[in-house]
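Notes follow once the structure below has been shown.
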Amino acid sequence: MTGAEERIRRQRAERIARDLSEHERGWRWYPGDGLDPGTVSPAAMRRELDRERQLIARLGTASGPEAERQGHRLKHFPVLFVSAPHIEENATGAFPGMPTPLLYATCLLDRMLRIDEFPRDRVPEVVGVLNPPAYSDAFEKALVECVAEHLPVVVGISNLSEGHHFAIRIAELVKTVSPNSIVLLGGQHEDAVNPDAYRSTSERVRAMSERQRGVHGSYSLTSPQLARLAALQTFAQERERAIVDLVFAGDAVFALPEVLMVIAEDLPTDARALRKRLLASPERFAALPGVGQLILVDDDTGRITPIPLSGTPIDGNKLPFIDVTRLTHENLFPVFDNRRTAQVMAALGCKYSCSFCHESADAFLYNQPKIRQRTPAHVLREIRLRSDQGFEAVFFDDSTFTQNRRWLSDLLAMLETDQAAGRQVEWGCQTTINDVDEKLLHRMGRTGCSYIYFGVESAQPDAERVQKVQRLRLLAEPTDWTEQFRRVARWCRAAGVRVGTSLQFGLGETDEQRVRTLQLIADLHREGCIPDGCVALNINSPYPGTRQWLDLMRSDAPLPDYRDKLERHPAFETAHQFSAITGEAASDLYRLAADILGSALHQQVVPTQQ
């Protein structure tokens, strides 16, 4: 072993000790694969030795700050990630939270970078992960300054449908300041307006048996219906082709590092040359785990062209934990007294099929299992890691955290063991009133659960639209939805668990039903079951990727274009531009809710700076 090799190994060991917490030092890219992150791979060793030779050729044996700066430039190229907000400043009815979709999309890349094992001679350097809670002039200024300072080679933007207008604006600003930056766009909105996903799903349904087609018939779309969606796809407008270079639809965890490897192989590069190289080697993406496509415009034909991934669903147990160390805004939850809170996804998907929720359609649209669950042991390791990193609470982002009772029992047993060993964590989750009982809630409370967010929607939800209402009728002791919520809220109070809830309007309810819903929540607030500030108001809108969206595609009604800036009342979590409740009706509804709910209503202004 040469002296240079020994020095490189020592530097790696120092990096691992400095940058990695205890519970992320024992594995490399995948937990349990047996590779020590302190081991320098042959490719990384060659890269570092080559860089040293280049430095000597330039500077001789000189050392110091200038040598470090030149060495850094030889090795790295700047990359910026942005989570597009979905609200503007002064909103009072939203919970921005951590940008988990973006962080999960970058988790494999982040792991490679944290242990310095990106497998190319040039290595991305993440110069920022901007996660503004709300869109504001201050955010635009910070974005422009960041892009002007670093001139990033790549800018990746993640967005939901509600934030699509802002994502396009962000891309426009990036290209104005740094025209040569390669802009990548991905997120739930791109997944849900991807015509190829709907087309392949429709073909799959038509090939099913008659009985199966009866279940999944809403996905069977005609060519004219599919053509309507094509107008909403990114790149359908010339403006978008000028400011966005690549789109990820589906799982980007492995595709993102692969694109950056292609970029690293030929720096400096431009977007046109990159697209040509990507189109020339689709096989490298076809071999990657993941369901979805990399989508771009073929410059020779002008056609929007997908490059498909393998179609193999990604196992969440084989992914690194998300990197929460680079965020510009702390994740502080009022329900945990504004302490640092880590958001964790234990499972993707939901067993229900409510018409307004994108998880009711996403999995089937991309031909994936309806529920993709991580093991309890894997989730526990992430909880311990967040504790190491100084987080004081954990919130599980799963749509229905308690939907798998056996899995939950195993996790609670592990938390009980940790608790007995002196490792205590406060946590919360979101679920449905169908999937808890008195005994379970008390056990959850004893293991540190202090808050549960229930999607109640209404005192009398429409069973056709809110499918979990239908499931309630199948319980061993069937009961009325309103009465079940009363029981669950009181069980939570007895178990020391605070209750938060979301109400959804515009699902076809009458004015009398709205009042009844609000009075139900107000009664439980007065009883002490629901604390102050724990009720969120929503207006139902047809979001891409939901069953409501499929219904629109099959109808003659126009499809909402989320490129438009949305109209929203600041006190609602969701916009109302495409809802049955618009304009002054939304203001009237808020005044009614505020009058009946009082301090139970969540009215905290979303911060734009921290």
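The shown structure was predicted, so the numbers you read here are calculated from the model rather than taken from an experiment.
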Gap between atom CZ of R384 and atom CG of L380 - 0.5 Å precision = 4.0 Å
ask   = Quick one: does R339's side chain have a donor or acceptor within less than 3.5 Å of a partner on F336's backbone?
value = yes
message = When you measure from the centre of the six-membered ring of F364, is the NZ or CZ of R204 closer than 6.0 Å and no more than 45° off the axis?
response = yes
key: N/O donor-acceptor pair under 3.5 Å between T312 side chain and P289 backbone   = no
message = Could you check whether any side-chain heavy atom of L288 comes within less than 4.5 Å of a side-chain heavy atom of E258, counting everything from C-beta outward?
response = yes
key: CZ/R58: more than 12 non-hydrogen atoms of other groups inside 6.0 Å   = no
inquiry  = Donor-acceptor pair, distance only, cut-off 3.5 Å: does the side chain of S41 make one with the backbone of A44?
reply    = yes
inquiry  = Can a side-chain donor-acceptor contact be found between R51 and Q54 if the only test is distance below 3.5 angstrom?
reply    = no
ask   = Judged by atom type as modelled, is there a donor-acceptor pair below 3.5 Å linking the side chain of S387 to the main-chain atoms of I383?
value = no
query = Has the side chain of R120 got a donor or acceptor atom that lies under 3.5 Å from a matching backbone atom of E265?
reply = no
Backbone of E48 reached by a side-chain donor or acceptor of R53 within 3.5 Å = no
task = For R303, look at atom CZ and say whether over 12 heavy atoms of other residues, nucleotides or ligands are found less than 6.0 Å away.
result = no
request  = Decide side chain to side chain contact (heavy atoms under 4.5 Å, CB included) for K175 and N180; before the verdict, give the C-alpha distance in whole Å, the side-chain angles of both, and the deciding distance to 0.1 Å.
outcome  = CA-CA 7 Å; K175 285 291 191 178; N180 293 326; over 6 Å; no
key: Shortest non-hydrogen contact between S310 and A287, atoms and distance   = CB-C, 4.3 Å
ask   = Can you find a pair of side-chain heavy atoms, one from M98 and one from N131, that are under 4.5 Å apart?
value = no
message = Please give me the minimum heavy-atom distance between V174 and S181, naming the atom from each residue.
response = CG1-CB, 4.0 Å
Derivation of the salt bridge (Lys or Arg N to Asp or Glu O under 4.0 Å) call for D315 and R374 = CA-CA 8 Å; D315 183 352; R374 292 165 56 195; over 6 Å; no
message = So which atom in G187 and which in S158 form the shortest heavy-atom distance, rounded to 0.1 Å?
response = CA-OG, 4.2 Å
key: Spacing of CD1 belonging to I304 relative to CG belonging to D298, to within rounding of 0.5 Å   = 11.5 Å
task = Any chance you could measure S161, atom OG, to D191, atom CG, to the nearest 0.5 Å?
result = 9.5 Å
ask   = Is there side-chain contact between H358 and L160, with heavy atoms separated by less than 4.5 Å?
value = no
task = Under the ring pair (Phe, Tyr, Trp, His ring centres under 6.0 Å) rule, what do Y198 and W549 come out as? Steps first, then yes or no, please.
result = CA-CA 11 Å; Y198 289 88; W549 185 260; 7.9 Å; no
remark   = Exactly one candidate in D300, T305, D299 meets side chain to side chain donor-acceptor pair (under 3.5 Å) with R275; the answer is D299
Would you mind writing out the side-chain donor-acceptor pairs for residues 145-152 within the sub-3.5 Å range, not counting sequence neighbours?
residue: E145; atom: OE2; partner: K141; partner atom: NZ; Å: 2.6

ask   = If you measure only the distance, is there a donor-acceptor pair under 3.5 Å linking the side chains of N159 and H189?
value = no
query = Got T574 and E162 here, is their nearest side-chain heavy-atom distance under 4.5 Å?
reply = yes
key: Donor-acceptor side-chain pairing of D196 and Q293 below 3.5 angstrom   = no
inquiry  = Please tell me whether Y135 and E140 have a donor and an acceptor in their side chains that are separated by less than 3.5 angstrom.
reply    = yes
Carboxylate-amine/guanidinium contact D36 R25, below 4.0 Å = no
message = Are L108 and M112 packed together at the side-chain level, in the sense that at least one heavy-atom pair is separated by less than 4.5 angstrom?
response = yes
ask   = Has the side chain of T400 got a donor or acceptor atom that lies under 3.5 Å from a matching backbone atom of Q403?
value = no
note = Output for pair (T100 OG1, M345 CE), nearest 0.5 Å, gives 6.5 Å
message = Are H378 and F321 packed together at the side-chain level, in the sense that at least one heavy-atom pair is separated by less than 4.5 angstrom?
response = yes
request  = State the CG-CG distance between D398 and L408, to the nearest 0.5 angstrom.
outcome  = 10.0 Å
ask   = Within 45° of the axis and under 6.0 Å from the centre of the six-membered ring of F77, does NZ or CZ of R122 qualify?
value = no
ask   = Is the shortest heavy-atom distance from the side chain of L296 to the side chain of D245 under 4.5 Å?
value = no
Residue pair S83 / L102: nearest heavy atoms and the distance that separates them = N-CD2, 3.8 Å
ask   = If you look at every heavy atom in N317 and Q373, which pair is closest and at what distance?
value = ND2-O, 3.7 Å
remark   = Only residue of R563, R241, E190 satisfying side chain to side chain donor-acceptor pair (under 3.5 Å) with T234 is E190
Nearest atoms (heavy-atom pairs only) where A273 meets T269 = CB-OG1, 4.2 Å
query = Any salt bridge between E52 and R47, counting N to O under 4.0 Å?
reply = no
task = Mind running salt bridge (Lys or Arg N to Asp or Glu O under 4.0 Å) on R114 and E24 for me, showing each step along the way?
result = CA-CA 11 Å; R114 279 170 69 76; E24 59 176 342; 2.7 Å; yes
query = Counting only N and O atoms by type, is there a donor-acceptor contact under 3.5 Å from the side chain of D251 to the main-chain atoms of V253?
reply = no
message = Between L267 and I263, does the side chain to side chain contact (heavy atoms under 4.5 Å, CB included) criterion hold? Intermediate values first, please.
response = CA-CA 6 Å; L267 285 169; I263 291 170; 3.7 Å; yes
message = When you compare the side chain of P124 with that of F118, does any pair of heavy atoms fall below 4.5 Å?
response = yes
note = Value for CD1 (I371) from CH2 (W407), rounded to nearest 0.5 Å, stands at 11.5 Å
key: Counterpart residues, ring-ring contact (aromatic ring centres under 6.0 Å, His included), relative to H86 (two or more places apart)   = none
request  = Show the numbers, then the answer: is there a salt bridge (Lys or Arg N to Asp or Glu O under 4.0 Å) between D323 and R111?
outcome  = CA-CA 8 Å; D323 183 1; R111 182 62 181 178; over 6 Å; no
ask   = Would you say S281's side chain and R284's backbone share a donor-acceptor pair under 3.5 angstrom?
value = no
key: Polar side-chain atom of R340 near backbone of Q389 as donor-acceptor pair, under 3.5 Å   = yes
task = Indicate yes or no: does R46 engage D121 in a salt bridge with an N to O separation below 4.0 Å.
result = yes
query = Hey, are E6 and R9 close enough for a salt bridge, meaning a charged N less than 4.0 Å from a carboxylate O?
reply = no
message = Using salt bridge (Lys or Arg N to Asp or Glu O under 4.0 Å), reason through E359 and K370 one step at a time and then give a plain yes or no.
response = CA-CA 9 Å; E359 288 200 71; K370 190 169 176 62; over 6 Å; no
key: E382/R386 salt bridge by N-O under 4.0 Å criterion   = yes
request  = Could you check W427 against F401 for side chain to side chain contact (heavy atoms under 4.5 Å, CB included), going step by step and ending with a plain yes or no?
outcome  = CA-CA 12 Å; W427 59 278; F401 180 68; 3.6 Å; yes
